[in-house]
Amino acid sequence: MKADDANLLELLHKSRQFVVPIYQRLYSWGEPECAQLWKDILRAGSVDGQAEHFTGSIVYVEKAEGSITNQQPNLIIDGQQRVTTVTLLLTALAERLSRVPEGDWLMAYDGFKPDKIRAWYLMDPFEEGEDKYKLLLSQRDRETLISIVNGVDPDPANASPRLVENYGFFRDRLNDPACDLTVVCRGLDRLKVVDIRLTRGLDNPQLVFESMNSTGKKLSQTDLIRNYVLMDLPNDEQENLYMLHWRPMEQLFGNMDEQRFDEFMRDYLTMCTRDIPRLDRIYDAFRDYADDWRTKGHSVRDLVVDLHEKSDWFASVALGRETEPRLHVLFDELRDLQATVSRPMLLECYGDYKDGLIDSTAMARIVELVISYVFRRAVCMIPTNSLNKTFATFTSGLGKDPGHYLEDIEVKFALMENYRRFPSDEEFIQALEHNDLYHFKRRMYLFDKLENDGAKERAQVTNYTIEHIMPQNPELSENWRDVLGPDWRNVQKTWLHTLGNLTLTGYNSEMSDHDFGDKRDGAKGFRFSPLRLNEGLGQLDCWNEEEIKRRGERLARRAVAIWRAPQPSTDAIDRYHSEHGENTKSQQTGYTIENDHPELVDGPLSELFHRIDGTIRSWDPHIERRPVKLYVGYHHNQMFVSVIPRRGRLVIGLVMPYEHLRDERNLAEYKAVQGWGGTRTEVTLYPDSSEDDINYVLGLARQSYEDQLDE
């Protein structure tokens with residue numbers, strides 16, 4: 001690699017051609033970046049004798065081995081946004097200067113005649129076809145820039161809007177009567193870059209690409225991943241792989257909606273590895289996975305083909321592209337429920353469905369179970385921080401026997417315990433009848449399903465608002481107080497926001513705090529409502545505590561039938577136990593602190609252990625302590641900390657990656673060999689450790705706990 005300071009215009013002039021490879025992102029600078037460049041140019045050109053203005057780096061590599069008679073263009077791997085924008089400005093400047101009267105040339109900065117700009121920086125008049133252009137962009141940007149440089153309006157149907165808009169931005173600035181063209185020309189001539197040329201076969205373009213810290217737009221995870229899989233391939237193979245597999249993915253994600261692609265990559269990696277990468281570390285996780293993929297003898301092409309196949313699955317599950325009618329409806333419902341944590345599991349099941357292991361009926365029932373599981377837990381207010389791990393590891397250990405595939409999933413859902421449990425009908429009914437559902441985040445989804453489930457003609461619940469049949473006003477009218485009885489305040493407080501007292505109406509403001517008779521019999525009252533939710537209200541004489549309870553019970557029973565729980569047979573459970581053995585046993589290990597670690601009960605380490613044990617278990621009632629032969633593990637879905645008794649000390653093992661740990665005092669050590677319980681990060685405490693040291697180490701343990709819960 002060779003790096004030199006260079007004048008940007010001189011670099012453009014001396015280079016035969018720059019080509020943006022097909023794997024590079026489209027031109028993405030907007031008006032803020034163009035305005036900043038324009039400001040920099042004016043500043044550089046406004047002061048006589050000012051030093052050159054540094055504007056970033058241009059990193060490029062030879063496209064292929066060339067010769068004197070066959071010089072090859074340079075492939076830009078960093079700096080294409082800047083070079084493209086300067087090309088747009090030079091094109092606009094040539095057009096503007098062409099309208100300066102010939103006798104006024106001295107007004108312009110020396111060396112910036114229109115023909116010279118075009119011949120030196122934009123195109124080679126002695127070449128033909130695409131070889132004549134100094135800069136060739138990738139994909140549809142290419143034709144748009146060629147049209148602009150040629151002075152032709154781009155085809156509106158296929159034009160790249162950013163290129164057209166930014167060209168217009170510079171034309172407007174140059175046509176401003178207050179614009180001093182001499183200043184613009186002088187500023188352009190003072191632009192400096194770091195000219196970095198890489199040698200193919202010797203330098204690693206990807207490492208250089210990742211390490212660049214330029215002033216342009218920050219690269220997205222999508223950019224980094226695309227470049228990683230395509231950059232080192234021969235040009236023909238790049239184009240083939242891009243057109244056959246990567247370009248279809250871009251089109252699938254709406255020309256690479258970066259957020260959607262990041263979500264897909266996260267779900268893909270979670271499905272493949274059972275580990276959940278952070279959204280801001282998708283590229284790092286993908287690179288690790290791709291390296292492991294290669295060590296197993298697979299090619300980059302195989303990886304891209306696999307990504308393409310699974311992106312189609314993702315589009316069906318998450319983007320509304322499913323063609324099977326029942327599954328399409330269920331996937332829409334899943335999105336309404338915002339149950340994105342379930343996607344890794346569902347993507348795997350969907351792949352098995354596409355491979356013929358299960359049919360569409362079984363796949364639909366699996367989605368229904370997931371919806372019921374997520375929704376029941378939300379209504380029962382069970383903490384959601386373990387759901388991502390639950391779904392990431394759900395299918396681990398399942399044999400995927402086509403004859404028992406759905407049955408095994410039903411059994412696994414039914415057997416989950418504690419904080420991972422599938423709420424029973426009784427728990428679900430209790431929550432529906434008594435919890436505050438008016439402030440429930442998914443309340444409109446709840447009422448939509450209660451209203452429309454099984455109906456041939458759907459009511460558009462978005463046209464309605466939530467109505468409290470017993471009003472919210474704390475100062476109820478005399479009629480309401482009489483109906484509710486002497487304890488009316490407590491009745492209102494207890495049942496106001498519960499399911500039994502809530503319904504839908506299009507006339508919320510008209511009903512207001514009116515008496516029940518007015519709400520029932522008014523021109524737009526419950527007696528005339530077309531909604532199933534309001535059935536029976538028009539026939540009631542009054543609305544009191546008993547009627548609220550009765551309606552709540554009725555709607556709760558309907559909800560139980562909609563969001564069905566798994567009901568595996570006894571035979572299915574017995575078979576599952578026999579086939580999966582230890583996977584279905586209680587998580588208790590059979591070891592005890594008293595019998596297997598007596599030094600933690602009575603001895604020099606006991607007081608220190610009880611302090612650590614009590615603090616860790618106080619963080620969450622769902623944390624489980626599981627002693628095994630050589631250590632004591634602490635689990636919240638998965639183990640996050642181990643306490644290992646050693647002679648005269650306790651070693652605290654942290655499951656979180658060493659590089660993620662915030663350890664200002666550098667007490668933790670990284671172990672090249674994996675420790676007990678899968679830990680590689682360890683920190684040691686002694687019976688005489690200070691209070692500050694103990695609290696600090698507990699803070700590190702807390703990080704490991706929160707790392708498991710995070711996202």
Side-chain angles (χ1 to χ4, degrees), residues 8-9 11-12 15 17-41 55-56 58 60 73-98 114 117-118 120-124 129-176 184 188 191 193 214-220 222-223 226-227 242 247 250-251 254-258:
L8 177 56
L9 295 184
L11 179 63
L12 291 175
S15 298
Q17 187 179 60
F18 282 113
V19 173
V20 176
I22 198 166
Y23 54 77
Q24 287 277 33
R25 66 180 176 183
L26 293 169
Y27 179 67
S28 59
W29 270 21
E31 185 172 319
E33 290 83 11
C34 292
Q36 183 62 53
L37 178 64
W38 178 258
K39 182 178 179 181
D40 292 341
I41 289 170
T55 186
I58 309 297
Y60 56 94
N74 298 309
L75 296 180
I76 295 183
I77 64 170
D78 187 71
Q80 66 130 324
Q81 305 290 328
R82 187 173 301 103
V83 172
T84 303
T85 306
V86 170
T87 297
L88 292 173
L89 174 52
L90 287 167
T91 305
L93 180 61
E95 190 275 332
R96 174 67 183 88
L97 291 176
S98 68
I117 293 175
R118 295 190 181 99
W120 279 29
Y121 312 127
L122 300 177
M123 63 181 78
D124 186 339
E130 291 188 344
D131 289 344
K132 71 188 295 185
Y133 300 102
K134 285 285 188 174
L135 177 64
L136 285 179
L137 301 184
S138 64
Q139 306 163 48
R140 72 170 184 268
D141 285 347
R142 177 171 298 189
E143 293 303 320
T144 303
L145 184 62
I146 287 175
S147 295
I148 290 173
V149 169
N150 285 329
V152 177
D153 291 336
D155 178 7
N158 299 309
S160 296
R162 287 293 177 91
L163 288 166
V164 175
E165 291 165 4
N166 292 348
Y167 177 61
F169 171 87
F170 290 121
R171 290 189 66 180
D172 291 343
R173 296 301 182 278
L174 291 166
N175 287 327
D176 185 340
V184 175
L188 273 168
L191 293 183
V193 295
S214 67
T215 59
K217 287 178 72 72
K218 180 177 175 61
L219 290 164
S220 68
T222 305
D223 298 325
R226 181 184 61 244
N227 290 14
Y242 177 83
R247 180 58 181 159
E250 289 184 336
Q251 294 170 330
N255 283 319
M256 243 23 174
D257 179 323
E258 292 173 359

Could you list the residues that satisfy side chain to side chain donor-acceptor pair (under 3.5 Å) with [X], not counting sequence neighbours?
{"X": "Asp124", "result": "none"}
{"X": "Gln36", "result": "Asp40"}
{"X": "Thr85", "result": "Tyr27"}
{"X": "Asn175", "result": "Arg99"}

Sequence neighbours excluded, which residues qualify as ring pair (Phe, Tyr, Trp, His ring centres under 6.0 Å) partners of Tyr121?
none

Checking Trp120 now: which residues fulfil ring pair (Phe, Tyr, Trp, His ring centres under 6.0 Å) with it, not counting sequence neighbours?
His13

With rounding to the nearest 0.5 Å, note down the distance linking [atom1] in [X] to [atom2] in [Y].
{"X": "Gln81", "Y": "Glu33", "atom1": "CD", "atom2": "CD", "value": "8.5 Å"}
{"X": "Thr91", "Y": "Arg118", "atom1": "OG1", "atom2": "CZ", "value": "8.5 Å"}
{"X": "Ile58", "Y": "Asn74", "atom1": "CD1", "atom2": "CG", "value": "11.5 Å"}
{"X": "Ile41", "Y": "Leu191", "atom1": "CD1", "atom2": "CG", "value": "5.0 Å"}
{"X": "Phe170", "Y": "Asp172", "atom1": "CZ", "atom2": "CG", "value": "11.0 Å"}
{"X": "Ile148", "Y": "Arg171", "atom1": "CD1", "atom2": "CZ", "value": "10.0 Å"}

Atom of Leu174, atom of Arg96 and distance for their closest heavy-atom approach
O-NE, 3.2 Å

Which heavy-atom pair separates Thr144 from Ser160 by the least distance, and what is that distance?
OG1-N, 3.0 Å

Ring geometry between Tyr60 and Phe18 (parallel below 30°, tilted from 30 to 60°, perpendicular above 60°):
perpendicular

Test side chain to side chain contact (heavy atoms under 4.5 Å, CB included), reference Val20, set Val83, Leu137, Leu136, Ile77, output is Leu137

